[in-house]
Amino acid sequence: MRGVSGRVAGVGRSATVSLFDLVGELRAAGRSVVDVSGGQPDFATGEHVVTAAVAALHEGFTHYTASRGLPELRELVSAKLLADNGIEVAPTDVVITPSAKHGLYAALLTLLDPGDEVVVPTPSWVSYQAMARLVGGVPVEAELSGANGFRLTREVLEGAVSGRTKAVLVNTPNNPTGRALDAEEARVLAEFAVAHDLYVVADEIYEAVLFDGRRHLSVAALPGCAERTLTVNGFSKSHAMTGWRLGWVAGPGAVMAELVKVQEHTVSCAGSFVQRGGIAALSGPEEYVAGMVESYDRRRRVVVDGLNALPGVSCALPEGTFYAFADISGAGKGGSVGFAEWALRDAGVAVTPGVAFGAGGEGYVRLSFAAPVDVVHEALARLARALG
């Protein structure tokens, strides 16, 4: 029997999904495990969103839609991008995808030919580099440093570019570091992309989860970036809709006309009744979103204070997302994998090793405070006891 494709065989499993599965297996075997490894909001989806989707089901609205998505939803996304992000795209240049994750994959498949390189600042989400490899591209890490707070600099970007570079993929606010691009970093990124004539894939899925009065900066709104940027976003984090699998990609018309082919030949369209839920999310009340962010704000302070009280551990206050990225290099438990294994084995706490997010994440672990607050407290208490 012949083997499978080298592209797939050469890609490892998602570290976060694998850890989620392992936690389930340990619990099934009777182990007590506190899981703060995943990005799963513990809030319920807004009732008006659920009502809209259920009503669509009862109406029999359960068939295909246009591959680009429902016109009303695309119009709402277009209006939201203009009002909130300063990005002007026509509704016809928006494609509604079954998850922002699929949107990212479709964007990379649209932009990259085999052998094309994409610059990925790390630490970054575990799936970026795997996606690039799956479409035949070559991810090149631009390794950021915790010493300067994981700032994006021109020097680091220039060190990763070559004649084969086609795009740069950025995430702000960033999973796992919790950093949000500031105005200077955004300017550096825009000038870099323009100077090298690169596409930009901007993952802005955590846009709504920002703290201390920060405002989100969208890459496509920067000078020279509208014509080269694909903005990817969705409902999972902002509206507690992870299981709904609903996102979007927006960008220049010529590129989006190609990207929709990926949609047509893979999933056809996002779920019809799920899109009705998306319409309700964007057109309905937003108070519950603000309430979630306020809760995350309280939790992040609890988590950071608790981590900084642990011997050999330090953690900066995240600016956005619901992740704390803790420096565990002084804890005496080895690197990030060693610490994560120790935490699971000796403390019964599941955290994600920083190296899973790229070379820039070694020496760190990620903890999620999207988990219920009592789970967060228990995780910190277990780690404190285990570290003595």
Side-chain angles (χ1 to χ4, degrees), residues 14 16-17 20 23-24 34-57 69 73 76-77 80 84-85 96-104 125 127 171-176 178 180 203-211 214 216 232-248 270-303 318-324 350 352 366-377 379:
S14 163
T16 51
V17 174
F20 179 84
V23 169
V34 177
D35 186 8
V36 286
S37 66
Q40 176 89 293
D42 67 310
F43 297 95
T45 303
E47 187 58 37
H48 62 293
V49 179
V50 175
T51 298
V54 170
L57 287 168
L73 181 52
L76 285 168
V77 170
K80 173 257 182 295
D84 297 347
N85 307 88
I96 306 300
T97 56
S99 78
K101 194 171 190 175
H102 179 76
L104 285 165
W125 184 45
S127 291
N171 173 216
T172 182
N174 177 271
N175 170 15
D203 179 1
E204 303 186 5
I205 191 67
Y206 293 97
E207 170 191 356
V209 190
L210 280 168
F211 308 114
R214 288 181 177 83
H216 177 69
V232 182
N233 208 328
F235 298 84
S236 289
K237 315 302 183 181
S238 58
H239 292 79
M241 292 171 63
T242 50
W244 293 66
R245 313 315 295 140
L246 189 62
W248 72 76
S272 53
F273 52 91
V274 173
Q275 292 186 62
R276 283 279 187 88
I279 290 170
L282 288 184
S283 62
E286 291 284 317
E287 290 82 3
Y288 82 103
V289 176
M292 286 192 295
V293 176
E294 290 174 5
S295 179
Y296 291 144
D297 187 11
R298 292 190 294 271
R299 296 181 199 184
R300 72 170 176 141
R301 297 177 187 278
V302 169
V303 168
E319 299 168 348
T321 76
F322 34 67
Y323 304 112
T352 308
R366 190 193 76 175
L367 289 80
S368 169
F369 46 91
V373 67
D374 58 329
V375 172
V376 170
H377 279 292

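What you see is a predicted model; the values in this text were computed from it and never measured.
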d(Arg299 CZ, His377 NE2) to nearest 0.5 Å is 9.5 Å
Does a side-chain heavy-atom distance below 4.5 Å link Val373 with Val302? no
Scanning both residues in full, the closest heavy-atom pair of Lys237 with Gly39 reads NZ-O, 3.0 Å
Rounded to the nearest 0.5 angstrom, the CH2-NZ distance for Trp248 and Lys80 is 5.5 Å
Checklist line | Residues Glu207 and Asn85: side-chain donor-acceptor under 3.5 angstrom | finding: yes
Between Ala240 and Met292 the two heavy atoms that sit nearest each other are CB-SD, 3.8 Å
Please assess His239 against Thr45 for the test side-chain contact (heavy atoms from CB on, under 4.5 Å), listing each intermediate value before the final yes or no. CA-CA 6 Å; His239 292 79; Thr45 303; 5.7 Å; no
Looking only at atom types and distance, does a side-chain atom of Ser368 sit under 3.5 Å from a main-chain N or O of Gly38, one as donor and one as acceptor? yes
Between Val274 and Arg245 the two heavy atoms that sit nearest each other are CG1-O, 4.4 Å
Hey, is the main chain of Ala270 close enough, under 3.5 Å, to the side chain of Gln275 for a donor-acceptor pair?
yes
Val49 and Phe235: CA distance, side-chain angles, deciding distance, side-chain contact (heavy atoms from CB on, under 4.5 Å) verdict: CA-CA 11 Å; Val49 179; Phe235 298 84; over 6 Å; no
CG (Asn233) and OG (Ser238) are apart, to the nearest 0.5 Å, by 6.5 Å
Heavy atoms of Thr321 and Asn175 approach each other most closely as CG2-N, 4.3 Å
**Prompt:** Where the side chain of Asn171 meets the backbone of Pro173, is there a donor-acceptor pair that is under 3.5 Å apart?
**Reply:** yes
Taking every heavy atom of Ile279 against every heavy atom of Ser283, the minimum-distance pair comes out as O-OG, 2.6 Å
Beyond-backbone contact of Val375 with Asp35, side-chain heavy atoms, under 4.5 angstrom
no
Result for ring-ring contact (aromatic ring centres under 6.0 Å, His included) between Tyr296 and one of Phe322, Tyr206, Tyr323 points to Phe322
CG of Leu367 to OG1 of Thr352, rounded to nearest 0.5 Å, is 8.0 Å
Margin query: Check the orientation of Phe211 and Phe369. Use parallel for under 30°, tilted for 30 to 60°, and perpendicular for over 60°.
Written below: tilted
Value for CD1 (Ile205) from NZ (Lys101), rounded to nearest 0.5 Å, stands at 12.0 Å
- Okay, side chain of Thr97, backbone of Ser99: is any donor-acceptor separation there less than 3.5 Å? yes
Closest non-hydrogen contact found for Phe273 with Ala56 is CB-CB, 3.8 Å
Separation between OG1 (Thr172) and NE2 (His216), nearest 0.5 Å, reads 6.0 Å
Ring centres under 6.0 Å, that's the criterion: do Tyr288 and Phe43 meet it?
no
